[in-house]
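Counting starts at 1 for both ligands and their atoms, in listed order.
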Amino acid sequence: MRLFTTIAALGCYLNSQKSAAPKKEIGLVPTMGALHAGHLSLIQRARQENAIVVVSIFVNPLQFGPKEDFQDYPRNLEQDRLLCEQAGVDAIFAPSEQEMFGKSAVDVANSVAEILALKLIHPSSLTQVVPPVAMTSVLCGKSRPGHFQGVAAIVTKLLSLVQPTRAYFGQKDAQQVAIIRKLVADFNWPVEIVACSIVREASGLAMSSRNQYLTQEQKQQASVLYRALQQALKTFSSGDRTAAAILAAVKAEVASTAVELEYAELVDPNTLAPLFVVETAGLLAVAARIGSTRLIDNIILRNRRPIVAIDGPAGAGKSTVTRKVAQALGLCYLDTGAMYRAVTWLAMTTNTPISDECAIAELVNSSYLEYNLDPTSGLMLKINGEDVTEAIRSLEVTSRVSEMAAHPVVRKFLVEQQRRCGIKGSIVAEGRDIGTNVFPDAELKIFLTASVKERSRRRLLELKNSGAADISLEQLEQDIEERDEKDSTREVAPLRKAADAVEIQTDGLSIAEVIDRIVGLYKERILTTPQS
Ligand code: PAF
């Protein structure tokens with residue numbers, strides 16, 4: 001693991017990595033150090049998804065108010081270094097303030113410090129990044145003016161220095177995540193923002209570097225925040241989705257405890273606008289003080305039915321199984337393959353060369369896809385108003401669809417469409433990156449697999465049944481092995497098993513048995529836990 005404190009050395013390292021072939025994906029985990037299990041979960045996720053993992057450690061003065069804990073914020077680079085090393089990080093970037101902001105900004109801060117006994121970089125000596133006031137003036141922004149502007153400035157700087165493929169943030173700072181997503185979307189930066197679930201102590205207390213300020217007794221008392229969120233979830237799951245009832249549940253739990261609630265609010269998770277009722281998803285966020293320590297926590301309340309995501313290697317029987325599971329559970333089958341076929345059909349009928357990725361990008365991004373999600377009326381797929389349900393099954397489309405699906409621009413476009421289909425849930429979807437990328441929060445993820453031998457045997461049988469079996473089993477085995485290797489090492493949407501997926505090895509199982517297993521898992525995991 002490398003440790004860099006200068007921008008020049010970080011740049012040199014990144015350049016050497018970026019120039020190596022094949023192209024390496026870079027995951028950035030921005031932190032202020034004092035690493036705990038929450039940060040380690042971000043690092044672990046970044047490690048799973050990228051060839052290179054960079055962790056930045058910088059206590060950013062721009063995001064602290066004059067009366068906040070900038071001076072006291074825990075700093076322990078040596079311990080952070082060890083933790084990063086153990087977690088398989090490739091490089092730490094731990095710059096000084098002077099390195100990040102330049103000597104003149106630090107000199108100004110030092111001269112002000114002598115007068116005010118403070119040492120903060122004043123934003124007026126730097127270029128400003130101003131996220132929408134509607135997002136920075138609510139929730140924590142009310143009591144921390146300037147905080148999110150300081151976060152936006154430093155994140156802008158880190159993203160431009162590292163230019164990562166993905167950047168990882170903790171969902172505990174839900175307002176920060178929403179503001180960073182907006183920043184990245186508004187400037188069209190080519191980085192994926194990944195929000196990782198809150199990691200909690202056994203008591204339910206959300207992990208935070210600031211928990212170090214709490215005594216054991218205060219830690220125990222602070223866990224009431226988690227119980228309050230759980231009470232609100234109960235209210236929500238019982239069917240009352242109004243802000244009034246949800247917030248009342250939080251307040252009742254926290255009342256007459258040592259914890260002083262600063263706010264409890266229900267807002268839209270993306271825009272942070274207040275919600276009166278949760279239609280699809282609501283962010284229930286709380287901030288509280290215990291002694292002099294300020295803590296935050298939150299939960300997303302989703303008003304959607306479950307999603308079942310089925311991934312797995314080619315030839316494991318995903319499409320047949322997915323269709324039948326959807327039928328058995330009365331859910332809708334999201335046929336992602338049909339979507340790829342529809343755009344392939346469009347390219348072919350408009351004579352757009354599939355090899356010309358820029359022309360394809362122009363074509364798909366100006367097209368309009370309609371997908372019927374009603375399980376009773378069967379699949380209906382329209383592109384630009386034309387019903388292509390039948391046309392997409394032609395041999396011509398079949399022969400070109402994988403070439404089309406290999407374009408990153410096509411995948412990006414269709415992943416957005418697929419997510420739109422999943423807003424209300426109630427779907428069973430299959431695809432190579434359905435559980436890892438399209439629906440990472442699916443309630444049930446299945447990784448359907450079978451040995452190379454078994455998949456080759458099934459494929460041979462299929463070919464024989466269609467009268468086209470002039471290929472040997474050995475050749476098929478070799479083809480499938482090669483395809484597996486390609487699928488799991490490809491740059492776009494590589495085949496990976498999601499960490500929380502249930503693997504079903506289908507060798508020796510009939511289709512009916514596989515379906516029974518999945519339906520059983522659904523009943524056990526979903527129908528027995530409260531759904532809204
Ligand atoms: O979440 C944090 O630790 C900080 O706000 C961040 C994103 C590292 C920016 O300083």
Side-chain angles (χ1 to χ4, degrees), residues 7 10 27-43 45-46 53-65 68-77 79-80 83-84 89 91-97 99-101 105 120-121 123 126 128-131 135-136 139-141 143-162 164 166-184 189 191-199 206-213 272 285 287 293-298:
I7 292 173
L10 173 74
L28 170 67
V29 184
T31 80
M32 298 207 298
L35 303 183
H36 50 68
H39 295 113
L40 295 178
S41 78
L42 307 184
I43 295 175
R45 173 96 183 259
V53 176
V54 178
V55 172
S56 66
I57 299 181
F58 181 64
V59 183
N60 169 30
L62 297 177
Q63 65 189 78
F64 288 80
E68 291 184 356
D69 55 347
F70 176 67
Q71 310 291 355
D72 300 333
Y73 196 84
R75 291 163 171 86
N76 193 343
L77 185 58
Q79 188 180 316
D80 291 346
L83 289 170
C84 285
V89 168
I92 293 181
F93 177 53
S96 65
E97 277 171 41
E99 186 65 13
M100 281 305 252
F101 302 123
L120 292 179
I121 300 288
L126 295 166
Q128 306 289 297
V129 182
V130 188
M135 298 182 83
T136 56
L139 307 174
C140 291
S143 62
R144 305 192 71 189
H147 168 72
F148 291 108
Q149 199 164 315
V151 169
I154 210 70
V155 170
T156 299
K157 182 132 181 148
L158 290 167
L159 292 178
S160 82
L161 288 174
V162 179
R166 302 181 185 85
Y168 297 80
F169 297 88
Q171 181 59 29
K172 184 172 81 74
D173 298 301
Q175 184 171 14
Q176 171 171 286
V177 169
I179 289 171
I180 292 170
R181 282 197 198 285
K182 175 77 175 146
L183 178 72
V184 163
W189 287 330
V191 57
E192 184 189 337
I193 299 301
V194 183
C196 302
S197 312
I198 300 177
V199 179
M207 297 268 184
S208 159
S209 304
R210 289 192 169 97
N211 290 356
Q212 293 188 21
Y213 301 150
L272 306 178
T293 306
R294 186 173 181 279
L295 299 173
I296 57 172
D297 203 344
N298 68 78

Check: Relative to the heavy atoms of Gln176, which atoms of ligand 1 are at a distance of less than 4.0 Å?
Finding: 1 (O), 2 (C), 4 (C), 5 (O), 7 (C)
Check: Is a side-chain N or O of Lys157 found less than 3.5 angstrom from the main chain of Met100, in a donor-acceptor match?
Finding: yes
Item checked: Subset of ligand 1 atoms that lie under 4.0 Å from at least one heavy atom of Thr31 -> 8 (C)
Next item on the list: Could you list the atoms of ligand 1 found under 4.0 angstrom from a heavy atom of Ile154?
Entry: 9 (C), 10 (O)
Next item on the list: Name the option, out of His39, Met32, Gln63, that contains the heavy atom nearest to atom 9 (C) of ligand 1.
Entry: Gln63
Next item on the list: State the CZ-CD1 distance between Phe93 and Ile57, to the nearest 0.5 angstrom.
Entry: 11.0 Å
Check: Do you know the tightest heavy-atom contact between Gly150 and Asn60?
Finding: O-ND2, 3.1 Å
Note to self: Once rounded to the nearest 0.5 Å, what's the spacing between atom CG of Leu159 and atom CG of Leu28?
What the structure shows: 6.5 Å
